[in-house]
**Q** 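I'd like to ask some things about the structure below.
This one's a predicted model, so the numbers in the text were calculated from it and none came from an experiment.
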Amino acid sequence: MTSVRPKLKPDVPKAITAWHTASGEVVWMTPKGDWTSNPDALGVFTGEVAEARLADARAAEGEVTDPYFMEVSETGEIRGRETLRETIRAQGPTTHPEFAKGEAL
Amino acid sequence: MYRYDEFDAQIVHDRVKQFRGQVARRLSGELKEDEFKPLRLQNGVYLQLHAYMLRVAIPYGQLSPRQLRRLAHVAREYDRGYGHFTTRQNIQFNWVALKDIPDVLETLAEVEMHAIQTSGNCIRNVTSDHFAGATADEVMDPRPWCEIIRQWSTFHPEFAYLPRKFKIAVTAAEHDRAAIRVHDIGLHIRRRGEAVGFEVHVGGGQGRTPHIAAKVHDFVPEAEILDYLEAIMRVYNRFGRRDNKYKARIKILVSETGAEEFKRLVDEEFAAQRPDEKVELPRAEIDRIHAYFAPPPLSGRPARSEVFERAKAADAAFASWAEVNLYPHKQSGHACVTVSLKPVGGIAGDATDTQMETVADLAERFGHGDIRVTHAQNLVMPHVALDDMYEVYRALEAAGLASANESLITDMIVCPGLDYCNLANARSIPVGQAIQREFASVEDQRDIGQLHLNISGCINACGHHHVGHIGVLGVDRKGEEYYQITFGGRADEKAAIGEIAGPALSAEDVPPALKRVVNRYRELRTDPSERFIDVYARTGLEPFKEALYAADQER
Ligand code: SF4
């Protein structure tokens with residue numbers, strides 16, 4: 001929310017992530033444009049498609065809160081400057097392995 | 001302890017009802033996050049890395065067993081079975097769902113608790129000495145004044161939109177356990193003959209630009225303290241910077257204006273208050289509030305307890321715990337018990353639902369129903385008879401709450417860091433655990449003696465690293481976690497900001513480097529009673545800096 005989010009160039013592959021409003025759970029946009037709490041199912045977007053998807057998500061901000069871009073590889077692995085933060089968001093606190101969610105990225 | 005009157009109860013219930021409506025409108029999409037955010041923050045609801053976080057106020061850190069049981073209930077039913085006690089003597093729940101928060105607040109309201117003013121640019125929870133009312137070194141119990149200030153500052157319309165958040169701490173003891181000099185306002189209650197008054201410190205704080213507060217008054221008589229506080233707040237409200245959030249705290253105003261000029265402005269404002277503006281604090285009202293904090297009926301007991309002495313002789317672990325975690329009580333035959341929330345390898349300040357219930361039960365059976373949260377993230381039972389101590393210890397031990405480490409190196413203050421916090425640069429908890437493991441031996445810790453080690457995951461300094469005897473600050477170096485070390489900070493009556501030793505270290509280098517530092521301290525001390533911080537005062541940074549980076553020279 002208040003953390004610095006790096007600006008990503010249009011051709012950098014990205015995922016769209018947010019929080020599920022009612023539960024607060026971390027979610028990612030799927031390739032189809034709905035939301036999943038499984039990081040293995042996230043969609044990878046680039047260029048204008050990515051911008052359009054993020055704009056849609058922001059306009060429809062009800063089900064989810066504060067959607068933003070995060071950097072991923074073409075196959076959806078987290079990478080870039082915020083790798084550690086986004087990995088912790090995806091997997092849960094490193095201090096509570098019992099709260100881990102989804103498959104390890 | 002203070003009990004709500006009908007107005008308090010009404011206000012809190014109305015607030016829950018109002019927030020329930022706001023949450024419903026957010027969930028229906030009627031409110032967007034930008035509109036909802038200020039509303040949720042006013043109710044202590046943050047959005048963190050993984051989920052919403054609810055911060056619940058614990059005024060001046062005092063809890064009844066009933067309240068602690070209710071917090072345990074919230075942890076079990078709405079969270080993941082635990083809560084996190086913070087350096088502001090509050091509790092945070094890390095996993096509550098937004099849809100459930102109105103119910104959580106309602107259940108808390110039933111036990112006179114709420115989340116009001118735990119966030120936002122207002123006067124936050126008033127904090128105090130966790131041994132208040134129990135130690136011999138205080139001139140009076142500071143809690144009645146904390147309560148009076150709490151009532152004055154709650155929903156004070158003039159101070160709801162300050163330039164930035166505002167924290168007040170109060171102590172009445174010579175030894176400052178409330179860190180008053182690193183608060184926006186720190187109050188030290190003093191007596192002059194029969195008269196009670198306040199020594200006033202303003203402009204302390206940590207974060208990006210740490211400052212030790214400046215003393216602006218030696219003795220404000222008790223009848224005038226709220227007017228004097230109001231004068232300070234007005235000067236801040238008027239001249240505090242709103243254009244730059246990094247310069248908006250009162251510490252910047254005091255340091256940029258100069259303490260003398262700031263004091264002059266406050267005095268001028270105080271003198272300009274019209275008689276009808278003055279907060280009337282009738283003696284009867286002061287007395288009424290004081291009556292809520294009447295000392296518990298502790299029966300006279302001999303200073304030496306045979307049961308206690310026999311148990312110590314028979315159980316070395318108990319003897320060790322008793323030596324470290326008990327603090328003298330003003331009433332003979334009693335002690336203040338620190339319940340450590342810092343087991344080696346655990347998470348500082350975390351307590352499970354069942355641990356909370358254990359402490360609630362023990363406080364009820366043996367502690368006159370009084371529980372405190374400390375700013376060092378532990379719990380305290382301030383009034384326990386020595387005769388009962390072994391039984392208390394055994395129950396704490398069975399619950400994993402009997403680490404014998406109060407004020408020792410493993411009793412560290414640790415902020416949530418990048419495992420939870422949206423603002424973090426690096427993780428705090430794992431590096432803290434690694435340091436704990438390096439110093440896990442109880443004998444070793446006791447030999448090292450008092451050593452406050454504080455860790456923050458970013459420069460906001462929630463983990464009080466600036467005032468740790470050793471401070472550890474997480475920094476982000478191109479996406480990698482590094483830790484900057486400071487030495488010589490302290491939060492007590494000789495408050496000081498730690499000095500930065502030099503370049504930051506990688507996570508794995510921190511524990512061995514600190515081991516070298518501690519070993520250097522042991523070589524330097526004249527005898528074991530000379531604490532780390534005393535040696536630092538005598539020698540300065542150099543020997544510790546040298547020890548910290550000694551491995552680099554070996555390479
Ligand atoms: S110090 Fe920084 S990382 Fe730690 S809790 Fe505060 S804001 Fe978060």
**Q** So for B/Glu481, is it side chain, backbone, both, or neither that comes closer than 4.5 Å to the heavy atoms of chain A?
**A**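 The answer is the side chain of B/Glu481.
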**Q** Are B/Arg40 and B/Leu31 close enough, and set up right, to give a side chain to side chain contact (heavy atoms under 4.5 Å, CB included), and what steps lead you there?
**A** CA-CA 12 Å; B/Arg40 68 169 162 76; B/Leu31 287 178; over 6 Å; no
**Q** Between B/Leu49 and chain A, with a heavy-atom cut-off of 4.5 Å, which part of the residue counts as in contact: side chain, backbone, both or neither?
**A** both
**Q** Tell me, side chain or backbone of B/Asp476 under 4.5 Å from chain A's heavy atoms, or both, or neither?
**A**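 Only the side chain of B/Asp476 comes within 4.5 Å of chain A.
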**Q** Return yes when atom NZ of B/Lys17 has more than 12 non-hydrogen atoms of other residues, nucleotides or ligands closer than 6.0 Å, and no otherwise.
**A**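 No.
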**Q** Using non-hydrogen atoms only, which part of B/Gln433 is less than 4.5 Å away from chain A: side chain, backbone, both, or neither?
**A** side chain
**Q** Under 4.5 Å heavy-atom distance to chain A, tell me which part of B/Val23 shows up: side chain, backbone, both or neither.
**A** neither
**Q** Are A/Arg79 and A/Glu86 close enough for a salt bridge, meaning some N to O gap below 4.0 Å?
**A** no
**Q** So which part of B/Cys421 gets closer than 4.5 Å to some heavy atom of chain A, the side chain, the backbone, both or neither?
**A**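 Answer is backbone: N, CA, C or O of B/Cys421 sit under 4.5 Å from chain A.
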**Q** Does B/Ser403 have any side chain to side chain contact (heavy atoms under 4.5 Å, CB included) partners at least two apart in sequence or in another chain, and if so, which?
**A**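 In terms of side chain to side chain contact (heavy atoms under 4.5 Å, CB included), with neighbours along the sequence ignored, B/Ser403 is linked to B/Ser340, B/Pro343, B/Asn405.
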**Q** Going by side chain to side chain contact (heavy atoms under 4.5 Å, CB included), name the residues that satisfy it together with A/Pro67, two or more places apart in sequence or in a different chain.
**A**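 Scan of A/Pro67 (side chain to side chain contact (heavy atoms under 4.5 Å, CB included), adjacent residues dropped) gives A/Ile16, A/Ala18, A/Trp35, A/Leu54, A/Ala57, A/Arg58, A/Glu61.
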**Q** Non-hydrogen atoms of chain B under 4.5 Å away: do they reach the side chain of A/Thr94, the backbone, both or neither?
**A**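 For A/Thr94, backbone and side chain are both near chain B.
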